[in-house]
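Below is one structure, written out as structure tokens, with a few remarks after it.
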Amino acid sequence: MLTSTQLATMLSLQDAMNKKVNPDWLNAGYAYLRAAMIESVEGIEHHGWKWWKAQQKDLPQLQMELVDIWHFALSDILIKFSGDVDLSAKTIAQALTSDGQNLTFDGQNYKFTEQHIVDNLELMAGLCAAKRFDVPLFICIVEQAEMSSDELFRQYVGKNVLNFFRQDHGYKSGTYVKIWQGKEDNEHLVDVLNGLDISQQNYSDKVYQGLKARYPEAE
């Protein structure tokens with residue numbers, strides 16, 4: 001289960017990234033759950049669902065879609081609580097300890113712990129289209145995609161910090177270098193993450209420092 005420290009870290013990072021896009025993001029009216037709906041459908045595509053053709057499940061891509069969904073879900077939750085990180089974290093923590101295994105949508109009850117992951121992704125897409133997000137359902141899907149809570153945290157922080165790093169090093173202006181010593185920045189991120197313990201204090205700062213130590217700064 002995600003810890004209170006992990007939740008606070010992710011919410012703070014999400015708020016900071018959103019402010020980088022728009023300092024007034026809380027009042028901008030961005031359709032975060034629409035974005036989560038689209039990512040849910042893309043997750044179905046990565047898993048495969050077509051009975052009329054052979055398909056190969058792409059688990060890493062599916063996991064990546066779930067990390068993206070979590071970015072949008074955290075944003076939506078922060079908006080509901082006017083940007084209050086502590087209250088948002090407490091609300092998510094309460095949802096995680098509620099032992100919820102059922103939800104009602106459009107008059108029908110769903111026991112999502114007994115459903116196939118594709119059915120759960122479809123259910124999540126429907127909820128998001130109706131401007132709703134269910135944390136226990138999402139975590140159930142994460143587990144069905146063979147991710148632990150710690151792995152969700154690790155991948156979330158990694159992607160968020162890399163986005164920050166890119167912006168800080170000229171991504172918007174076009175001066176950012178994406179390939180260093182023959183590796184893409186995503187590959188360097190994996191190396192940095194593999195060398196860190198997620199229980200370390202200031203974990204996200206250490207990820208950033210690890211990237212910076214590898215990046216070829218301009219002469």
Tell me the closest heavy-atom pair linking A36 and C128, and the distance in Å. CB-SG, 3.8 Å
Between L13 and T9, does a side-chain contact (heavy atoms from CB on, under 4.5 Å) hold up when you go through it step by step? CA-CA 6 Å; L13 286 171; T9 296; 4.0 Å; yes
Under 3.5 Å side-chain donor-acceptor pair for S173 and T175: yes
Quick one: side chain to side chain contact (heavy atoms under 4.5 Å, CB included) partners of E151, sequence neighbours excluded? M147, S148, R154, Q155
Got a sec: does the CD of Q56 have more than 12 other heavy atoms crowding it under 6.0 Å? no
Picking from I92, L96, L66, D134, what satisfies side chain to side chain contact (heavy atoms under 4.5 Å, CB included) with I139? L96
Begin with the C-alpha distance, continue with both residues' side-chain angles, and end with the deciding distance and a verdict on side-chain contact (heavy atoms from CB on, under 4.5 Å) for E184 and L189. CA-CA 9 Å; E184 282 200 9; L189 174 65; over 6 Å; no
Consider only side-chain heavy atoms of I, L, V, M, F, W and Y, link residues closer than 4.5 Å, and tell whether V67 and V190 are in one cluster. no
Taking D76 first and then K80, would you say they form a salt bridge - that is, a charged N and a carboxylate O separated by under 4.0 Å? yes
Salt bridge present between D191 and K183 (N-O < 4.0 angstrom): yes
For a quick check under 3.5 Å, do N163 and N160 share a side-chain donor-acceptor pair by atom type? no
Polar contact flag, side-chain donor to acceptor under 3.5 angstrom, D197-S199: yes
When hydrophobic residues are tied together by side-chain contacts of less than 4.5 Å, even through go-betweens, does F81 share a cluster with W70? yes
Do we see a donor-acceptor contact under 3.5 Å between the side chains of Q209 and D205? no
If hydrophobic clusters are built from ILVMFWY residues whose side chains come within less than 4.5 Å, do V135 and L103 share one? yes
Which residues end up grouped with M37 if you chain together Ile, Leu, Val, Met, Phe, Trp and Tyr wherever their side-chain heavy atoms are less than 4.5 Å apart? I38
Is a side-chain N or O of E114 found less than 3.5 angstrom from the main chain of K111, in a donor-acceptor match? no
Cluster check M64, F153: I/L/V/M/F/W/Y, side chain < 4.5 angstrom: no
Looking only at atom types and distance, does a side-chain atom of H47 sit under 3.5 Å from a main-chain N or O of I117, one as donor and one as acceptor? no
Using a 6.0 Å cut-off, check whether atom CH2 of W51 has over 12 heavy atoms from anything other than its own residue. no
Connected via hydrophobic side-chain network under 4.5 Å: L74 and V21: no
Pair Y30 and W25, ring centroids less than 6.0 Å apart: no
L193 CG to L211 CG distance, which is reported to the nearest 0.5 Å: 8.0 Å
Once side chain to side chain donor-acceptor pair (under 3.5 Å) is applied, do any residues pair with D185, and if so which ones, sequence neighbours excluded? R166, Y176
If you look at every heavy atom in Q63 and A145, which pair is closest and at what distance? NE2-O, 2.9 Å
Are there over 12 heavy-atom neighbours, none belonging to K50, within less than 6.0 Å of that residue's NZ? yes
Any donor and acceptor pair, going by atom type alone, linking the side chain of Q144 with main-chain N or O of Q115 inside 3.5 Å? yes
Going through the distances and angles, do E122 and W49 end up as a side-chain contact (heavy atoms from CB on, under 4.5 Å)? CA-CA 11 Å; E122 183 179 70; W49 63 278; over 6 Å; no
Which atoms form the tightest heavy-atom contact between N22 and A28, and what is the distance? ND2-CB, 3.7 Å
Do the two ring centres, one from F165 and one from Y171, sit under 6.0 Å apart? no
What heavy-atom pair brings N120 and C140 nearest, and what distance separates the two atoms? ND2-SG, 4.0 Å
Tightest non-hydrogen contact, residues S75 and N18, listed as OG-ND2, 3.0 Å
For Q94, is there any backbone N or O sitting under 3.5 Å from a side-chain donor or acceptor partner on T97? yes
Y156 (side chain) donor-acceptor with M10 (main chain) under 3.5 angstrom: yes
Could you check whether any side-chain heavy atom of S82 comes within less than 4.5 Å of a side-chain heavy atom of L26, counting everything from C-beta outward? no
Please determine whether the number of non-hydrogen atoms from other residues, nucleotides or ligands lying under 6.0 Å from atom NZ of K19 exceeds 12. no
What's the verdict on side-chain contact (heavy atoms from CB on, under 4.5 Å) for Y203 and V161, showing C-alpha distance, side-chain angles and the deciding distance? CA-CA 10 Å; Y203 173 69; V161 171; over 6 Å; no
Tell me whether the rings of Y110 and F105 are parallel (<30°), tilted (30 to 60°) or perpendicular (>60°). tilted
Is any side-chain heavy atom of L33 closer than 4.5 Å to one of F133? yes
